Asker: 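What follows is a single structure, and I will ask about it in a moment.
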Amino acid sequence: MTGFVVKAPNGEFTFDEVPDGVTLMEFMKSSGADVEAACEGNLACATCHVFFTEEVFAQLPDKDEFEDVMLEFLPGVTETSRLSCQLKATDVPDGTVVTVVE
């Protein structure tokens, strides 16, 4: 289990425990954080775009080529952008601040 903070358009959410096996996108949506995720995690829309600090980004699992392609065409992409549907919530290190892109 891990704890982190989500900064979303509808506020800031602090989580102390995260269940195993769910994606970051699924967890944020079920917890009330405003993340669109129009395709429900099928890697078809990129509306679950989030970003991290460089330090945290370096600790995350690598992106696959499909996630890279989706991110390539998004406005507001940074070097530390990810799609939250492609990360397990437990991949996020303790104390991380996850920022949902508006």
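All values reported here derive from a predicted model rather than from experimental measurement.
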Asker: Please round to the nearest 0.5 Å and tell me the distance separating atom CD of E12 and atom OG1 of T14.
Answerer: 5.5 Å

Asker: Under 4.5 Å between any side-chain heavy atoms of V6 and V100, yes or no?
Answerer: yes

Asker: Report yes if the side chains of T78 and F57 come closer than 4.5 Å at any heavy-atom pair, otherwise no.
Answerer: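 No. Closest side-chain heavy atoms not under 4.5 Å.
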
Asker: Apply side-chain contact (heavy atoms from CB on, under 4.5 Å) to residues L71 and K63 and explain how you reach the verdict.
Answerer: CA-CA 10 Å; L71 286 167; K63 293 180 280 187; 3.7 Å; yes

Asker: Mind checking whether F15 and S31 have side chains closer than 4.5 Å, heavy atoms only?
Answerer: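 The answer is yes; the side chains approach within 4.5 Å.
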
Asker: Please find the pair of heavy atoms, one from P93 and one from L60, that lie closest to each other, and give the distance.
Answerer: CD-CD2, 4.1 Å

Asker: Would you mind reporting whether V50 and M28 have side-chain heavy atoms less than 4.5 Å apart?
Answerer: yes

Asker: Linking I/L/V/M/F/W/Y whenever their side-chain heavy atoms sit closer than 4.5 Å, directly or via other members, would L87 and V97 fall into one cluster?
Answerer: no

Asker: Between D16 (side chain) and G3 (backbone), is there a donor-acceptor pair under 3.5 Å?
Answerer: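 Checked: no pair found.
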
Asker: Which heavy atom of C45 sits nearest a heavy atom of A37, and at what distance?
Answerer: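 Taking every non-hydrogen atom into account, SG-C, 4.3 Å.
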
Asker: Using the rule that Ile, Leu, Val, Met, Phe, Trp and Tyr join whenever any side-chain heavy atoms are under 4.5 Å apart, tell me whether M25 and V22 fall into a single cluster.
Answerer: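 No; tracing contacts between hydrophobic side chains, which count when under 4.5 Å, never links both residues.
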
Asker: Evaluate the side-chain proximity of T53 to T80: yes if any heavy-atom separation is below 4.5 Å, no if none is.
Answerer: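 They are not in contact (no side-chain heavy atoms under 4.5 Å apart), so the answer is no.
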
Asker: Which atom pair, heavy atoms only, marks the closest approach of V101 to F51?
Answerer: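 Taking every non-hydrogen atom into account, CG2-CD2, 3.5 Å.
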
Asker: Does CD belonging to E72 count more than 12 external heavy atoms closer than 6.0 Å?
Answerer: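 Buried by this count: over 12 neighbours within 6.0 Å.
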
Asker: Side-chain heavy atoms nearer than 4.5 Å, only ILVMFWY residues, links allowed to pass through others: does that put V98 and V77 together?
Answerer: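 No, it is not one cluster - the side chains of V98 and V77 are not joined through contacts under 4.5 Å.
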
Asker: In Å and rounded to the nearest 0.5 Å, what is the CZ to CZ distance from F27 to F4?
Answerer: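 Rounded to the nearest 0.5 Å, the CZ-CZ separation comes to 5.5 Å.
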
Asker: Between T47 (side chain) and E36 (backbone), is there a donor-acceptor pair under 3.5 Å?
Answerer: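 It does not hold such a pair.
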
Asker: Hey, does R82 have a side-chain heavy atom less than 4.5 Å from the side chain of L24?
Answerer: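 Counting from C-beta outward, L24 and R82 never come under 4.5 Å.
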
Asker: Membership question, hydrophobic clusters at under 4.5 Å side-chain separation (ILVMFWY): are L74 and V69 in the same one?
Answerer: no

Asker: Which pair of heavy atoms, one from A33 and one from F13, lies closest together, and at what distance?
Answerer: CA-CE1, 3.6 Å

Asker: If you measure from OG1 on T99 to NE2 on H49, what distance do you get to the nearest 0.5 Å?
Answerer: 10.0 Å

Asker: Return the OG to NZ distance between S84 and K29, rounded to the nearest 0.5 Å.
Answerer: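 Reported to 0.5 Å precision, the distance equals 9.5 Å.
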
Asker: Counting only N and O atoms by type, is there a donor-acceptor contact under 3.5 Å from the side chain of E67 to the main-chain atoms of L83?
Answerer: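 Yes, because the side chain of E67 sits within donor-acceptor range (under 3.5 Å) of the backbone of L83.
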
Asker: What distance do M70 atom CE and L43 atom CG have between them, rounded to the nearest 0.5 Å?
Answerer: 5.5 Å

